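Taking it in order: structure first as structure tokens, then the write-up.
Because the structure is predicted, anything quoted here is derived from the model rather than measured. All values below were derived from every heavy atom in this structure, side-chain atoms included, with hydrogens, water molecules and symmetry-related copies excluded.
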Amino acid sequence: MNDPDMSRQEVLEELSQHGISGAHVYLIDVFPLLEMMWADGQVQQIEIAILDQFLAKHVDAINERVGYIVIEHKDAHDFIAPLIETQPDTQWLREVRLLIPPLRFNSEKPEENRKAREFILGVCLDIAAGAVKQYPYELTERINADEKRCFFDILDTFGCGC
């Protein structure tokens with residue numbers, strides 16, 4: 001499924017099988033963020049605030065890029081809300097994440113691909129560092145092991161793995 005040579009149509013068909021179609025396809029950048037939010041088994045308010053800020057900027061950028069309102073802020077929020085309220089299946093989240101590179105990082109302009117990748121990864125780090133599950137924590141445990149594993153998986157999917 002993590003095939004960078006998938007056509008746009010193949011990716012859209014795969015997303016449709018995962019219940020993501022129409023304007024909601026533009027929201028797939030949110031899925032790694034949701035994975036980071038749920039990596040430790042609970043979503044915290046600061047993580048929701050970070051996601052909300054990302055979503056607002058992302059929707060504005062999408063609409064600006066296409067030159068008209070392709071998705072409303074309320075529609076984007078309504079689509080994401082159930083995924084915050086109840087933990088989605090981790091395999092489902094992963095399968096959607098695997099579709100991001102062939103859809104989002106396929107520009108003929110490497111700089112655009114790099115910026116898109118870095119923006120998503122930066123917000124993933126903000127989410128991981130934004131909330132700690134329990135205090136006190138050891139010096140190297142601000143981001144817990146589950147969140148670190150999740151982040152490394154996302155890095156690998158995005159072609160930045162170590």
Check: In terms of heavy-atom contacts, does CD of Q45 have more than 12 from other residues, nucleotides or ligands at under 6.0 Å?
Finding: no
Any non-hydrogen side-chain atom of L103 less than 4.5 Å from a side-chain atom of M6? no
- Query: Within a strict 4.5 Å, meaning less than it, do heavy atoms of the V96 and W92 side chains meet?
  - Reply: yes
Taken to the nearest 0.5 Å, the spacing of L34 CG from L51 CG works out to 6.0 Å
- request: Please determine if R114 and E111 form a salt bridge, counting it only when a charged side-chain N lies under 4.0 Å from a carboxylate O.
  value: yes
Between S107 and E112 the two heavy atoms that sit nearest each other are OG-OE1, 3.2 Å
### Side chain proximity check, I80 to D52, heavy atoms < 4.5 angstrom
no
Does N106 use its side chain to pair, donor to acceptor, with the backbone of P102 at less than 3.5 Å?
-> yes
In short, C150 meets A39 closest at the heavy-atom pair CB-CB, 3.9 Å
Separation between CG (D40) and CG (D146), nearest 0.5 Å, reads 7.5 Å
Check your understanding: Given side chains that start at C-beta, do those of I20 and F79 come closer than 4.5 Å, heavy atoms only?
Key -> yes
For this session: Go through the steps to decide whether F151 and I143 satisfy the test side-chain contact (heavy atoms from CB on, under 4.5 Å), and finish with yes or no.
Result: CA-CA 10 Å; F151 185 73; I143 299 174; over 6 Å; no
Margin query: I'd like to know if V59 and I69 are part of one continuous hydrophobic network [Ile/Leu/Val/Met/Phe/Trp/Tyr, side-chain heavy atoms within less than 4.5 Å].
Written below: no
In terms of heavy-atom contacts, L121 and C160 come closest through CD1-SG, 4.2 Å
Quiz item: Would you say the side-chain atoms of Q53 pair up with the backbone N or O of I50, donor to acceptor, closer than 3.5 Å?
Solution: no
ask   = Relative to the ring of F119, is the ring of F54 parallel (under 30°), tilted (30 to 60°) or perpendicular (over 60°)?
value = parallel
- Would you call K74-D78 a salt bridge at under 4.0 Å N-O? yes
Note to self: Quick check against the 3.5 Å criterion: does W38 have a side-chain atom that pairs as donor or acceptor with the backbone of P88?
What the structure shows: no
Report task. Mark yes or no for whether N63, through its side chain, and I71, through its backbone, hold a donor-acceptor pair below 3.5 Å. Result -> yes
Whether H58 side chain and Y26 backbone form a donor-acceptor pair below 3.5 Å:
yes
Exercise for the section: Using a strict 4.0 Å threshold on nitrogen-to-oxygen distance, state whether K57 and D60 make a salt bridge. Expected result: no
Rounded to the nearest 0.5 angstrom, the CZ-CG distance for R104 and D29 is 4.0 Å
- Inspect the surroundings of NE2 in H77 and state if more than 12 heavy atoms from other residues, nucleotides or ligands are less than 6.0 Å away. no
So does E35 pair up with R94, basic N to acidic O under 4.0 Å? no
For E47 and M37, the nearest pair of non-hydrogen atoms, with its separation, is OE1-O, 3.6 Å
Smallest heavy-atom separation, D153 atom then R97 atom, equals O-NH1, 3.3 Å
- Specify whether F105 and F158 have parallel, tilted or perpendicular ring planes, treating 30° as the upper limit for parallel and 60° as the lower limit for perpendicular. perpendicular
Residues P101 and T157: closest non-hydrogen pair is CG-O, 3.3 Å
Report yes if some heavy atom in the side chain of L33 is under 4.5 Å from a heavy atom in the side chain of L55; otherwise report no. no
- request: Indicate whether any N or O donor in one side chain lies under 3.5 Å from an N or O acceptor in the other, for Q91 and E95.
  value: yes
Interatomic distance, CD1@I120 vs CG@L125, rounded to 0.5 Å, equals 12.5 Å
Give a yes or no on whether Q87 atom CD has more than 12 heavy-atom contacts from other residues, nucleotides or ligands under 6.0 Å away. yes
